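Below, each value reflects all heavy atoms present in this structure, side chains not excepted, and no hydrogens, waters or symmetry copies. Owing to the predicted nature of the structure, the values given are computational and were not obtained by experimental measurement.
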Amino acid sequence: MTSPYRILDRLREGHALAEEEIREVVAGATRGAAGDRSGGEAGDGWTDAQLAAFLMGAAIRGLDAAGTRALTRAMLESGERWELADEVPELADKHSTGGVADTVSLVLGPLLASCGVPVVMLTGRGLGHTGGTTDKLEAVPGLSLDLDRAACRRLLAEHGLAIGTQTPAIAPADGRLYRLRDHTATIRSIPLITASILSKKLATGAAAVVFDVKTGNGAFLTDPAAAHELARTLVEITVGLGRRASAFVTDMSQPLGEWAGHTAEVRATFECLEGHGAADLVELTYVLAEEMAAQVGRPVARGELEAAIASGRARELFDRWALAQGADPAWIARPDLSLAPVEAVVEAPRSGVLARLETQQLGLLLAEAGGSRHAAGGAIDHGVSLRCRARLGDRVEAGDELARLYLRREDDALARRLRACFAVEDEGAAPPLVAEKVVLEA
């Protein structure tokens, strides 16, 4: 067993770590108690300081393809593996790298399940400028996301849909490493992102996973080349570990759909499931749903998805699933989607075209107002929300409403910073919603 000092020294010198050394890092993260402490000899848990040094070394020096695979596999094997596809062969999963107003998961799950394609998702919480699916679903009173394998299996049998959050028994090393990545500015390392995502996603054991990798100024990876690299890495390692996979690189240079904020995004979910959702949110949901269905060998045509919404079948499945996971029946019968009462309006300062949005800054302003998390464990005001009425490339007239922010109290300084996020110019256009699809070549 190699000591932490020796592993860190080799990483600092730029040597590729052997699989056994990477397994020792993950084992040390799993064994060690949280917080820095003395010790760290071979056989002990690694301290926070040692793990932080590993993360910084991996982010600066990088891990090669073999090292990224080894880290992913070791983190996956550090906890439970449910292997649900052994019993549900057409089980599909989806992961988004996150952004502002990414409501797809809330719509896509019940939509696909209503078309006969079972879906399982373990969701996460938001940090920084992003909103997490777990946080959004907690805007539904009573809804429980604490699921074990037996509960997932029952929900899939009864409703074709199970959405939970990561359990302490799944990829326990990731919980500790993710916290340290946030503290050490190593969030954007592609090998570390890959291992974190896949150690959780592959633990449930869906037959196929489709990845939605965001790029643009509201994404963690603003550079399209970096987003492509992550998408390809996720697909290659997932396939290498025995699951089917594909990925899309999609735009996050503006919020997806009209609504951002947790109660507001539940509102957007219902709008989509009732047939009057925002065009870009609906289109991306359809693209991902079609690909997930194809990957598990149960193709679903666009018309079938549209029929599930038009008939009310998809919305009905959302309600049945939410009730099965503990949602308040009175709320489901009459949803309270009230937003915070103080409104700050952004108007176009001149006639022209909406040319740019500072999307990451919009997410940070929402967090500052209480509508998202500044840090793990932070409180959320579910009613703090943003509605974007204009899209990139739209022609607007002076005084037209571009956006409306719903706050708990007046905040003139925040409202001024919000207005600065919108640029109206003579020309401008929206990037394509889907930049590329990434699959392994035959």
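- Within the structure, no pair that satisfies the salt bridge (charged side-chain N to carboxylate O under 4.0 Å, His left out) test touches residues 104-113, not counting sequence neighbours.
- With sequence neighbours excluded, the residues satisfying ring-ring contact (aromatic ring centres under 6.0 Å, His included) with Phe318 are Phe270, Trp321.
- Nearest heavy-atom pair, Cys152 versus Leu84, reported as atom, atom and distance to 0.1 Å: CB-CD1, 4.3 Å.
- In summary, the side chains of Lys214 and Thr250 do present a donor paired with an acceptor at a separation below 3.5 Å, with no hydrogens or angles considered.
- In this structure His95 satisfies the ring-ring contact (aromatic ring centres under 6.0 Å, His included) test with no other residue, sequence neighbours excluded.
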I'd like to know whether Glu436 forms a side chain to side chain donor-acceptor pair (under 3.5 Å) with His228, so could you lay out the CA-CA distance, the side-chain angles of the two residues, the decisive distance to 0.1 Å, and finally the verdict. CA-CA 8 Å; Glu436 65 172 320; His228 170 86; 2.8 Å; yes
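- Applying the salt bridge (charged side-chain N to carboxylate O under 4.0 Å, His left out) test to every pair with at least one member in residues 238-252, sequence neighbours left out, gives these pairs: Glu83-Arg243.
- Of the N and O atoms on the side chains of Ser246 and Glu291, at least one donor lies less than 3.5 Å from an acceptor on the other residue.
- No side-chain donor-acceptor contact under 3.5 Å links Thr103 to the backbone of Glu265.
- Between the side chains of Thr123 and Thr134, at least one donor-acceptor pair of N or O atoms lies under 3.5 Å.
- Contacts of Arg154 classified as side-chain hydrogen bond (donor to acceptor under 3.5 Å, both in side chains), with partners at least two apart in sequence or in another chain: none.
- Residues meeting the ring-ring contact (aromatic ring centres under 6.0 Å, His included) test with Trp259, sequence neighbours left out: none.
- Legend: salt bridge (charged side-chain N to carboxylate O under 4.0 Å, His left out) pairs involving residues 316-336, not counting sequence neighbours, sorted by first then second residue: Arg315-Asp319.
- Scanning for side-chain contact (heavy atoms from CB on, under 4.5 Å) contacts around Ala415 gives Ala344, Arg419, with sequence neighbours left out.
- Every residue meeting the side-chain contact (heavy atoms from CB on, under 4.5 Å) condition with Arg298, not counting sequence neighbours, appears here in chain and number order: Glu90, Val117, Val296, Val300, Glu304.
- Counting all heavy atoms, side chain and backbone alike, Leu161 lies closest to Ala113 at CB-CB, 4.1 Å.
- Between the side chains of Ser253 and Asn217, not a single donor N or O lies within less than 3.5 Å of an accepting N or O.
- With a 4.5 Å cut-off on side-chain heavy atoms, Glu368 and Leu414 count as touching.
- Take Ala430 and apply the side-chain contact (heavy atoms from CB on, under 4.5 Å) test, not counting sequence neighbours, and it matches Gln254, Leu392.
- Residue pairs meeting the salt bridge (charged side-chain N to carboxylate O under 4.0 Å, His left out) criterion with at least one member in residues 351-363, sequence neighbours excluded: Arg356-Glu425.
- For Arg350, the side-chain contact (heavy atoms from CB on, under 4.5 Å) partners at least two apart in sequence or on another chain are Val424, Asp426.
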